[in-house]
Amino acid sequence: MNAKKVIIDCDPGIDDSLALMLAVNLSELDIVGITVVCGNVPACKGAENALKVLEWMERMDIPVYLGEESPLVRDYVDAMDTHGRDGLGESNYLPVTTVQPKQDAVRFMAKTFLQAKETGEKISVIALGPMTNLARLIERDPDSLEGLDELVSMGGSYKSHGNCSPVAEYNYWCDPHAAKEVYEAFEHLPQLAGKQIHMIGLDVTRKIVLTPNLIEYMCRLNPQMGERIRKITRFYLDFHWNQEGIIGCVINDPLAVAYFADRSLCSGFSAYTAIETQGISMGQSVVDRFEFWREKRKNSYILTKTDALRFMILFFKRVIHPDAEESMIAELMGRKWI
Ligand code: RIB
Ligand code: CA
């Protein structure tokens, strides 16, 4: 199968970084660029972290573009309490000095989509952060969207409780106006007719929990990669213990990347979804599962089930070591490997 061309729009971030480690190891993906947006950390910090990860993975051939530094309307609220001041769990790895992020993620997206429109080789986007860059693209160059193939968005929540409020997930809460613009574009724009946002929300990502035992196994199989992952997730594990009383950390973003490569990892349903931008439920993804608003276009595909074990096996085999044992991973996850 030919690799699918993709832009990864992200806010690295610990789980974004794990997602990039996976993405560069998936031959199913041809990463044409990484665009960074303000989210977990300011965009400039996120771009610095994206370069660090690409250097670790020996993929400095992939360009990194600096994107929007603030949400469309709201004041910017970071997530350094979760990801650390450096965005990588206060691991304080030194920044890459040989390469700088390129300017203007939105202009890069527009140019890339317009080229794709001409050549017919469409480009997809895996969005792992607030959708500010995508909203700006829709505002400035909606015609370029003819070059967009698919959009997979880590964000939102159908039935799972929120992580920024009882109902809101961070990416859509940080910039609800951007999320609203993107979902409305998939509802109204003719150049997006028939396309849906594949929403990888908390309903499925909460099932992807990286535990100390799994990290220990990573370190046994691949000390260099395992120790890096241990170092950047320590802070994240502490946050999850203090915040949610769990031993382990929910790694949201890698599931969106894995799903892009293998759709059988998750299942769900088509629906009309709208994003609330104000009041106590600001950032909520309102999913019309039972078609109260029948006249609305089904602008989204909501993923609600996932196979966490199959995901973890994919992550281990592609990022850590091809000989990682399924039965060991299953045992460490308290599952049976049959
Ligand atoms: O709510 C989780 C999402 O918000 C993840 O993408 C995390 O990296 C943050 O961006
Ligand atoms: Ca993210």
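Start at 1 and go down the list; that is how both ligands and their atoms are numbered. Atom set for the values below is all heavy atoms of this structure, side chains included, hydrogens, waters and symmetry mates excluded.
The aromatic rings of F239 and Y236 lie parallel to each other, their planes meeting at an angle below 30°, with 60° marking the opposite boundary. Using bins of under 30°, 30° to 60° and over 60° for the plane-to-plane angle, the ring pair Y65/F108 lands in the parallel bin. In this pair, W293 and Y272 present their aromatic rings perpendicular. The plane angle is above 60°, beyond the 30 to 60° band.
An angle of 80° is found at the Ca ion (ligand 2) between D16 atom OD1 and D11 atom OD1, rounded to 10°. The Ca ion (ligand 2) is the vertex of the angle joining OD2 of D253 and O of L128, which measures 100° to the nearest 10°.
In this structure, R297 forms no cation-pi arrangement with F186, as its terminal cationic atom is not both closer than 6.0 Å to the ring centre and no more than 45° off the ring axis.
Counting only heavy atoms of the protein, atom 8 (O) of ligand 1 lies nearest to D15 OD1, 2.5 Å. Ranking the protein heavy atoms by distance from atom 6 (O) of ligand 1 puts D253 OD1, 2.6 Å first. Of all protein heavy atoms, the one closest to atom 3 (C) of ligand 1 is E169 OE2, 3.3 Å. Looking from atom 9 (C) of ligand 1 to the surrounding protein, the closest heavy atom is N40 OD1, 3.2 Å.
Annotation: the span from L237 atom CG to I14 atom CD1 amounts to 8.5 Å, rounded to 0.5 Å.
The distance criterion of under 3.5 Å between nitrogen or oxygen atoms is not met by N252 with respect to ligand 1. Ligand 1 has no N or O atom lying under 3.5 Å from any N or O atom of M154, backbone or side chain.
Contact annotation for L128 and ligand 1: only backbone heavy atoms (N, CA, C, O) come within less than 4.0 Å of the ligand. If you look at N163 next to ligand 1, the close heavy atoms, those under 4.0 Å, all belong to the side chain.
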Legend entry - ring-ring contact (aromatic ring centres under 6.0 Å, His included) between H198 and Y259, worked out: CA-CA 10 Å; H198 294 247; Y259 168 76; 5.7 Å; yes
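With ligand atoms numbered from 1 in the order given, ligand 1 contributes 8 (O) to contacts under 4.0 Å with heavy atoms of D16. Atoms of ligand 1 lying under 4.0 Å from any heavy atom of Y170, numbered from 1 in the order shown and given with element: 1 (O), 4 (O), 9 (C), 10 (O).
Here E68 pairs with R136, R140 under the salt bridge (Lys or Arg N to Asp or Glu O under 4.0 Å) rule; sequence neighbours left out.
Of all the listed residues (I14, N171, T82, V41), N171 holds the heavy atom that lies closest to atom 10 (O) of ligand 1.
The stretch residues 7-23 participates, sequence neighbours left out, in these side-chain hydrogen bond (donor to acceptor under 3.5 Å, both in side chains) pairs: D9-T35, D9-N133, D11-N40, D15-N252, D16-N40.
Between R263 and E150 there is a salt bridge, since a side-chain N of the basic residue sits under 4.0 Å from a carboxylate O of the acidic one.
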